[in-house]
Amino acid sequence: MESVLKIEHMSKKFDDLIVLEDINLSIDKGEVVVIVGSSGCGKSTLLRCINGLEDIDEGQVLLDGETVNPGNRNLTKSREKIGMVFQSYDLFPHKTILENAILAPMKVQKRSRKDAVEEAMRLLDRVGLAERKDSYPRQLSGGQKQRVAIVRALMMDPEVLLFDEVTAALDPEMVREVLDVILDLAKQKRTMLIVTHEMSFAKAIADRILFLDDGRIIEDSDPKEFFTSPATERAKRFLRTFEYEK
Amino acid sequence: MGFEVIFKGKNFIRLLSGLCVALRISVISVAISIVLGIVVGMLMTLKKPVINAVTRVYLEIVRIMPQMVLLFIVFFGFTKMTGSNLSAELSSIIVFSFWGTAEMADLVRGCLISIPVIQYESSKALGLSRLQTYVYVIIPQIIRRLIPLSINLITRMIKTTSLIMMIGIVEVLKVGQQIIEANRKSAPKAAFGVFAVVFLLYFLACWPISCLSKYLEKKWEN
Ligand SMILES: Nc1ncnc2c1ncn2[C@@H]1O[C@H](COP(=O)(O)OP(=O)(O)OP(=O)(O)O)[C@@H](O)[C@H]1O
Ligand SMILES: [Mg+2]
């Protein structure tokens, strides 16, 4: 398998707080990697360091062999190859759904409007929101907004997609519609890095599970193995918090 | 009722030109305030202690000092201190811009900090450059919030120009008083009519502006 994303000896500090320590990771094309771990262990920071939203203190992130972080002037070029969807709704409120989707393709990739609109409509249709193209974000439900955010990220045709707890702010009945879209992306062999607290979803979608604890990857394993017999005590305890006993 | 004096001689023309003086001073001051206010407002979001201290003091001065006191300080004070003459109109523009810049800066600061960080971050994640982020994402959102607020400031400025007659500028209210004085014998009740017309002129100057504001607010509601 050919590796798309490579992280070498990456460390990240906030002042004196070490948030990520010596992270090494290689992700293959088409692989779906799910990152789990307790709150505050550094999952969001890991994703933010990968697409350059945070500077890193040591090491480097490579996409197709090119350094994307630590950044240089050309960082925007490589950043457009890494799509990201956040936990909180981040659509542009003054633009319609369609305009949200076509802004970056037109301004960053300089694609024609006609071309961008065509693709946006195709993708919106795929997530069941084609008829809402002229709505504004505030007229949509949380689940619909997240599906649009996914479309907007897909419009740049990224090589890697990062998802940071994209369902965490949603009402339970809306979680499914968003996760289905991500499952669909997995079927299309998209390379994805997913942070989630939905364990059954993680089990269903992951090719590989990373367990992050206190800024380190302490398990990197097959999902079956991770969920049935985790190697570390920390992971066992973490998984137990999702079980209920009478 | 006193309306007859309005159209006597050149009275109406004089009232209109008085209004023009007031509007000219407000328009120039508003233009200066918007430009400087945006700059100062952006400086205020940089979180630099020195800039913060200076702008805090500046805003407090503007808040505490009545505009009339500022006018007297600039118009009479400057003349006393330097011996040279500052025209009344220039003094008014300085004072109105000083005041307007402070208020505008505060509005701009408020709008800027009300834009969530995630808007900058998701733009960045989509590959938009810093400039593109401002042009297509941040500034359009700021303008939508700023315009209704700044229109309120503009109308307040136009109204406050009635103070500038205190330093000898013949604006619309002053012309009104002059007309009343001049016709004290022939039309002792002219005051009501004259002030009614002055009221109407202020109204006609401010009303279209607030209509525009309402229209834009409606249009951008989505
Ligand atoms: N901008 C920042 N400045 C200082 N500390 C930060 C900053 N962002 C995150 N941290 C700290 O870094 C650590 C990791 O945060 P991070 O958000 O990556 O955790 P997480 O695993 O995503 O948690 P959660 O599951 O709650 O989202 C936390 O201790 C957090 O307080
Ligand atoms: Mg997080």
Side-chain angles (χ1 to χ4, degrees), chain A residues 44 47-48 50-54 68 71 73-97 99-110 134-139 145 148-149 151-158 160-164 169, chain B residues 34 37-38 41-42 45-49 52 104 107-152 211-222:
Chain A
S44 300
L47 294 192
R48 293 165 59 83
I50 289 174
N51 80 342
L53 286 177
E54 302 280 356
V68 292
R73 284 273 149 236
N74 291 328
L75 186 56
T76 51
K77 263 269 146 295
S78 12
R79 196 181 273 136
E80 58 182 87
K81 297 191 201 155
I82 304 178
M84 179 151 178
V85 182
F86 300 81
Q87 170 179 347
S88 61
Y89 314 133
D90 61 333
L91 296 177
F92 306 133
H94 60 296
K95 291 190 175 295
T96 63
I97 300 317
E99 288 168 340
N100 262 278
I102 64 176
L103 176 69
M106 283 172 60
K107 301 303 172 191
V108 180
Q109 297 176 331
K110 313 286 181 208
D134 294 321
S135 303
Y136 284 86
R138 61 175 193 89
Q139 298 167 317
K145 277 187 238 187
V148 175
V151 166
R152 189 177 65 174
L154 286 174
M155 285 294 290
M156 299 300 284
D157 198 24
V160 179
L161 271 166
L162 311 177
F163 292 94
D164 190 2
Chain B
I34 288 177
I38 288 174
M42 284 169 78
T45 59
L46 293 182
K47 296 191 180 133
K48 296 265 189 286
N52 276 5
M104 198 65 202
L107 295 179
V108 169
R109 185 194 60 87
C111 288
L112 272 172
I113 59 172
S114 73
I115 305 282
V117 183
I118 191 94
Q119 292 285 315
Y120 294 88
E121 291 186 339
S122 52
S123 309
K124 217 171 165 182
L126 283 168
L128 293 170
S129 70
R130 236 189 143 75
L131 184 66
Q132 288 174 327
T133 302
Y134 274 99
V135 171
Y136 300 114
V137 180
I138 307 300
I139 291 175
Q141 292 186 54
I142 288 178
I143 288 177
R144 280 166 167 73
R145 293 177 201 202
L146 205 54
I147 283 193
L149 299 170
S150 51
I151 279 177
N152 173 286
C211 283
L212 177 69
S213 158
K214 287 227 180 67
Y215 166 77
L216 290 176
E217 254 178 284
K218 265 257 161 55
K219 188 175 156 197
W220 288 337
E221 208 169 28
N222 281 323

Who passes side-chain hydrogen bond (donor to acceptor under 3.5 Å, both in side chains) against [X], sequence neighbours left out?
X	answer
A:R48	A:E54, B:E121
B:N52	none
A:T96	A:E99

Can you tell me how far CZ of B:R145 sits from NE2 of A:H94, rounded to the nearest 0.5 angstrom?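 Result: 10.5 Å between the selected atoms.
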
Value for CG (A:D90) from CG (B:L126), rounded to nearest 0.5 Å, stands at 8.0 Å

Quick check: does any side chain N or O of B:Q119 sit under 3.5 Å from a backbone N or O of A:L91, one acting as donor and the other as acceptor?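 Judged by distance alone, yes, a pair lies under 3.5 Å.
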
Least distance between heavy atoms, [X] atom then [Y] atom:
X	Y	result
B:S122	A:R152	CB-NH2, 3.6 Å
A:K107	B:Q132	O-NE2, 3.1 Å
B:I118	A:S88	CD1-OG, 3.6 Å

Residues of residues 133-143 of chain B near chain A, each having a heavy atom less than 4.5 Å away: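 At a heavy-atom separation under 4.5 Å, chain A is reached by B:Y136, B:V137, B:P140, B:Q141.
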
Residue part contacting chain B, namely of A:F92, when any heavy atom lies under 4.5 Å: both

